[in-house]
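Following: one structure in structure tokens, then a few remarks.
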Amino acid sequence: METCQLVSEKNLDQFYQMISAKTRNGFVIVEHNEKLPYVVLSKKQKAINHPLHLFLTCITFGLWFIVWLYCIVKLSRKTNILVAVDEDGNLFEDKCLSA
């Protein structure tokens, strides 16, 4: 009986290129599986300089508060993503739930 390989070399190369691009972007590998090619990557939350944003909000008469609020919502979360190759050999990325 002949076994067929679900993941081609081209897809694996793309998979590893995507992982290296994500790690250069600040993500850290949390979980890795070679048998079923998937990786869970995590990016820590960024620190926000609240005194600076308060100063800028006061100087701009409250207009900077929109930027400050955006920073609080987007940058203060821990981000987990899953990068994997599915059964058809397609590369995909999905958000993971974080605690």
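Only heavy atoms go into these numbers, but all of them, side chains included; no hydrogens, no water, no symmetry mates. Quantities reported herein were computed from a predicted structural model and do not represent experimental measurements.
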Seminar exercise, completed: With sequence neighbours left out, the residues meeting side chain to side chain donor-acceptor pair (under 3.5 Å) with E93 are K22
Exercise. With S42, which residues qualify under side chain to side chain donor-acceptor pair (under 3.5 Å), at least two apart?
Worked result: N80
Problem set entry | Gap separating the NZ atom of K78 from the SG atom of C96, nearest 0.5 angstrom | 11.0 Å
Exercise. Around atom OH of Y16, are there more than 12 heavy atoms of other residues, nucleotides or ligands at under 6.0 Å?
Worked result: yes
Exercise. With a 4.5 Å heavy-atom cut-off, do W68 and H50 have their side chains touching?
Worked result: yes
Exercise. Should T60 and F65 count as side-chain neighbours, where that means a heavy-atom distance under 4.5 Å?
Worked result: no
Exercise. Looking at CD of Q45 and CZ of R77, how far apart are the two atoms once the value is rounded to the nearest 0.5 Å?
Worked result: 11.0 Å
For this session: Nearest 0.5 Å please: distance from the CG atom of L56 over to the CG atom of L52.
Result: 4.5 Å
Exercise. Between the side chain of D86 and the main-chain N/O of N90, is any donor-acceptor distance below 3.5 Å?
Worked result: yes
Exercise. How many angstroms lie between atom CG of N49 and atom SG of C71, to the nearest 0.5 angstrom?
Worked result: 10.5 Å
Exercise. Is L69 reachable from L75 through a run of I, L, V, M, F, W or Y residues, each pair having side-chain heavy atoms under 4.5 Å apart?
Worked result: no
Problem set entry | F92: hydrophobic cluster co-members (side-chain, 4.5 Å) | V30, L36, Y38, V40, L82
Exercise. Do F27 and T79 touch side chain to side chain, with heavy atoms closer than 4.5 Å?
Worked result: yes
Exercise. Do the side chains of V85 and I29 join up, straight or via other hydrophobic residues, at under 4.5 Å, putting them in one cluster?
Worked result: yes
Exercise. CZ of F15 to OG of S20: how many Å apart, nearest 0.5 Å?
Worked result: 11.0 Å
Exercise. Where do K43 and V28 land on the side-chain contact (heavy atoms from CB on, under 4.5 Å) test, with the steps shown first?
Worked result: CA-CA 6 Å; K43 190 174 194 178; V28 177; over 6 Å; no
For this session: Check whether any side-chain heavy atom of N11 lies under 4.5 Å from a side-chain heavy atom of L91, and answer yes or no.
Result: no
Exercise. Around atom CG of L54, are there more than 12 heavy atoms of other residues, nucleotides or ligands at under 6.0 Å?
Worked result: yes
